[in-house]
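Please read the structure below before turning to the comments.
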Amino acid sequence: MCIDCGCQQANKVAFEEIRREKENLKFRKIEVKTSILDKNNKIAETNRQWFLDHKLLVFNLMSAPGSGKTLLLEKTSTRLKDSINLGILVGDQERDFDAKRLEAAGAKVKQLNTASSCHLDAAMIRGELGEFVKPEFSHLIIENVGNLVCPASFDLGESRKVAILSTTEGEDKPSKYPLLFHEADLIVITKIDLVQYLEFSFATCVQHIRGVNAAAPILCLSAKTGQGLDAWLDYVRLGSVAN
Amino acid sequence: MHELSLATALVEQVAEIAVREKFERVVKIHLELGELSGVDRHCFEFCFPEVCKGSILEEAQLILDFVKLGRDFRIIDLDVL
Ligand SMILES: Nc1nc2c(ncn2[C@@H]2O[C@H](COP(=O)(O)OP(=O)(O)OP(=O)(O)O)[C@@H](O)[C@H]2O)c(=O)[nH]1
Ligand SMILES: [Mg+2]
């Protein structure tokens, strides 16, 4: 071997090949086939069991930022706080503005900040069970981080997923963000008081919803004027649409 | 948007399997990514190598099967040493 002709380099390549071949022989294949969300799903199942054991009806509210989740919950809290034992968990990346608003409406509320994350996950909810979330609550509403994409993938252990769409977002969002609307047990179209200023067609919107979700009931309301609010309050109380 | 946290969850999951199955290094990781899983493929492929740095997945080759209308995002199998 010398340093001039490149034989050293050649040897290095040969050694590397031999090492690879040896390693190849030792490869083991391990079948896994579990979902990457498996860990979250398992925690969600334990949350779900806790909610069942303590007879809590739990809602996971999801929508784009600013659709009106918090205003709807302010009204919900004001109207229901004397008839049900309601707790509210509210998720945002930063700050506690929403919790302050809900507190002012008389709600039992706790703010969760997700920092770098764009959604709530099951472990964050688990951390509140028996702490903020009391066994004697009859209802828990979780306001998820405003986002039409990520929250849909993370089961929290809730009894009902609620997707909210405001008229100012346009009729086509269910087709553009199918997963959230597909998974929803209830779809709320809100800010209907603004329709007079918009080009918004309920028929077109329902078509987009039905394209991704054939069965979920649809409620139309305005959290601002209170129109259609009663049907929503019944849904919260009962967990289903009253006939 | 949550591809980074999924990539992190993936590395954690593989680390748990490594303890159970007693291996030290992953040579190849084979994943299935469903179109409806809510995971953006390009974003995930961008995050994955970053998250793998310093882990047993550092030198692993990533194989992604994209499944039209699929809902799952899961590990199919691992080639390990
Ligand atoms: N006109 C009208 N405005 C509404 C209605 N609901 C909410 N808003 C207004 O919409 C804005 C956003 O409402 P929020 O309740 O903060 O929305 P959010 O979904 O909680 O927002 P994030 O938590 O940031 O995702 C506020 O200015 C509300 O007053 C409604 O039914 N009609
Ligand atoms: Mg809010």
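Residue numbers start from 1 in every chain, and the chains themselves are labelled A, B, ... in the order their sequence lines are given, proteins ahead of strands. What you see below is based on every heavy atom in this structure, not just the backbone, and it leaves out hydrogens, waters and symmetry mates.
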Decide side-chain contact (heavy atoms from CB on, under 4.5 Å) for A:V32 and B:H30; before the verdict, give the C-alpha distance in whole Å, the side-chain angles of both, and the deciding distance to 0.1 Å.
CA-CA 10 Å; A:V32 183; B:H30 181 188; over 6 Å; no
Heavy-atom count around A:F202 CZ within 6.0 Å, excluding the residue itself: above 12?
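Enclosed: over 12 neighbouring heavy atoms sit under 6.0 Å from CZ of A:F202.
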Looking at chain B, which one of A:K33, A:R28, A:K29 has the largest number of heavy-atom pairs inside 4.5 Å, strictly under?
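Between A:K33, A:R28, A:K29, the count favours A:R28.
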B:V80 vs A:F27, side-chain contact (heavy atoms from CB on, under 4.5 Å): CA-CA, chis, key distance, verdict
CA-CA 6 Å; B:V80 302; A:F27 277 172; over 6 Å; no
Is chain B contacted by the side chain of [X], its backbone, both, or neither, given a heavy-atom distance below 4.5 Å?
X	result
A:F154	side chain
A:K39	side chain
A:L179	side chain

Quick one: which residues of residues 13-24 of chain B reach chain A at under 4.5 angstrom, heavy atoms only?
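Against chain A, the residues of residues 13-24 of chain B that fall inside the cut-off (heavy atoms, under 4.5 Å) are B:Q13, B:E16, B:I17, B:E21, B:K22, B:F23.
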Apply side-chain contact (heavy atoms from CB on, under 4.5 Å) to the pair B:D40 and A:V149, showing each step before the final yes or no.
CA-CA 10 Å; B:D40 180 78; A:V149 186; over 6 Å; no
Heavy-atom pair with the smallest gap, counting every atom of B:S37 and A:S153:
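Heavy atoms only, the tightest pair is O-OG, 3.3 Å.
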Over all atoms of both residues, closest heavy-atom pair of B:R74 and A:S35
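Looks like CB-CA, 3.6 Å.
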How many angstroms lie between atom CD1 of A:I36 and atom CG of B:L6, to the nearest 0.5 angstrom?
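Here the rounded value is 7.0 Å.
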What distance do A:I30 atom CD1 and B:I29 atom CD1 have between them, rounded to the nearest 0.5 Å?
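CD1 of B:I29 is found 11.0 Å from CD1 of A:I30.
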Checking B:E12 against chain A: side chain, backbone, both or neither under 4.5 Å from a heavy atom?
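B:E12 touches chain A through side-chain heavy atoms alone.
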